[in-house]
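Report on the structure given below.
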Amino acid sequence: MALKRSLKGNPGRIVNISSVGGKLAGPFIGAYITSKHGLEGFSDSLRRELMLYGIDVIVVAPGSVATSIWDKAEAFDLSAYKNTDYATAMKNYRDYIIQQGRKGYTPERIGEKIWKALTVHNPSARYAVVPQRLFNWIIPMMLPKRLVDKMIARQLGFKRSWFEGR
């Protein structure tokens, strides 16, 4: 009731900034992925709750964004994994995300998508802002999860015995 009484003027929009990781989970960043999956679920639930008042909830989910964060990632010390089964995979994953990150969209490009979510007449419920969209979004979302798992395992250099036969 408090919400209904406080509404004046036209209903608004809430735009939550998530990540592609909210739908496509990468290895070694489970805490981050968990937070983004949670935000995705919260946004869907809130959008359905606020329909009664005409308030829309939209998710903007960027992929890689070209910022200085990738310099910090490059400086990340992997020595704790040196003598583990994950040493090669961690290095390969770090190198891959840094390479992709540096080729990512500019912050301005993400801002343009946020502006669209705020202003377009009939917004989508979710905008994935992903460089190389076909390979980094569409195909992985369409393929069976186990196949994507195997592709990631091969790319990271996991030993075949770990994932063959599954």
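When reading the values below, keep in mind they use all heavy atoms of this one structure, side chains included, and skip hydrogens, waters and symmetry mates. Predicted model only: the values in this text are computed from it and were never measured.
- Residues forming a side chain to side chain contact (heavy atoms under 4.5 Å, CB included) with Ile14 (at least two apart in sequence, or on another chain): Asn16, Leu46, Leu50, Ile55, Val57.
- Pairs passing the side-chain hydrogen bond (donor to acceptor under 3.5 Å, both in side chains) check and including a residue from residues 58-71, sequence neighbours excluded, read Asp71-Arg102.
- Other residues, nucleotides and ligands contribute over 12 non-hydrogen atoms within 6.0 Å of the CG atom of Leu78.
- Applying the salt bridge (charged side-chain N to carboxylate O under 4.0 Å, His left out) rule to pairs touching residues 118-138 yields Glu40-Arg126, sequence neighbours excluded.
- Between Ile152 atom CD1 and Tyr96 atom OH the span is 8.5 Å, to the nearest 0.5 Å.
- When all heavy atoms are compared, the tightest approach of Phe76 to Arg94 is O-NH1, 2.9 Å.
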Pairs of donor and acceptor atoms involving the side chains of residues 30-39, under 3.5 Å and at least two apart or interchain, shall be tabulated with distances.
unit_1, atom_1, unit_2, atom_2, d
Tyr32, OH, Ser19, OG, 3.1
Thr34, OG1, Gly30, O, 2.7
Ser35, OG, Tyr32, O, 2.7
His37, ND1, Gly22, O, 3.0

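- Heavy atoms from other residues, nucleotides or ligands lying under 6.0 Å from CZ of Phe42 number 12 at most.
- Environment of CE in Met141: crowded, with over 12 heavy atoms of neighbouring residues, nucleotides or ligands closer than 6.0 Å.
- Between atom CD of residue Glu108 and atom CD of residue Glu112 there is a gap of 8.0 Å, rounded to the nearest 0.5 Å.
- With sequence neighbours excluded, the residues forming a side chain to side chain contact (heavy atoms under 4.5 Å, CB included) with Leu134 are Ile138, Ile139, listed by chain and number.
- Residues passing the salt bridge (charged side-chain N to carboxylate O under 4.0 Å, His left out) test with Lys91 are Asp95, sequence neighbours excluded.
- When every heavy atom of Gly54 is checked against every heavy atom of Pro11, the shortest pair comes out as O-CB, 3.0 Å.
- With sequence neighbours excluded, the residues forming a side chain to side chain donor-acceptor pair (under 3.5 Å) with Ser79 are Asp77, listed by chain and number.
- Among residues at least two apart or in separate chains, salt bridge (charged side-chain N to carboxylate O under 4.0 Å, His left out) pairs with a member in residues 41-66 are Asp44-Arg47.
- In terms of heavy atoms, Tyr93 sits closest to Pro27 at CE2-O, 3.3 Å.
- When all heavy atoms of Ser43 and Val59 are compared, the pair lying nearest together is CB-CG2, 3.4 Å.
- Hydrophobic cluster membership for Tyr105: Val15, Ile17, Ile58, Val60, Val65, Ile110, Ile114, Leu118, Val120, Tyr127, Val129 (Ile, Leu, Val, Met, Phe, Trp, Tyr linked by side-chain heavy atoms under 4.5 Å, directly or transitively).
- Contacts of Val20 classified as side chain to side chain contact (heavy atoms under 4.5 Å, CB included), with partners at least two apart in sequence or in another chain: Leu24, Val130, Trp137.
- For the residue pair Pro131 and Gly104, the shortest heavy atom distance occurs at CG-CA, 3.9 Å.
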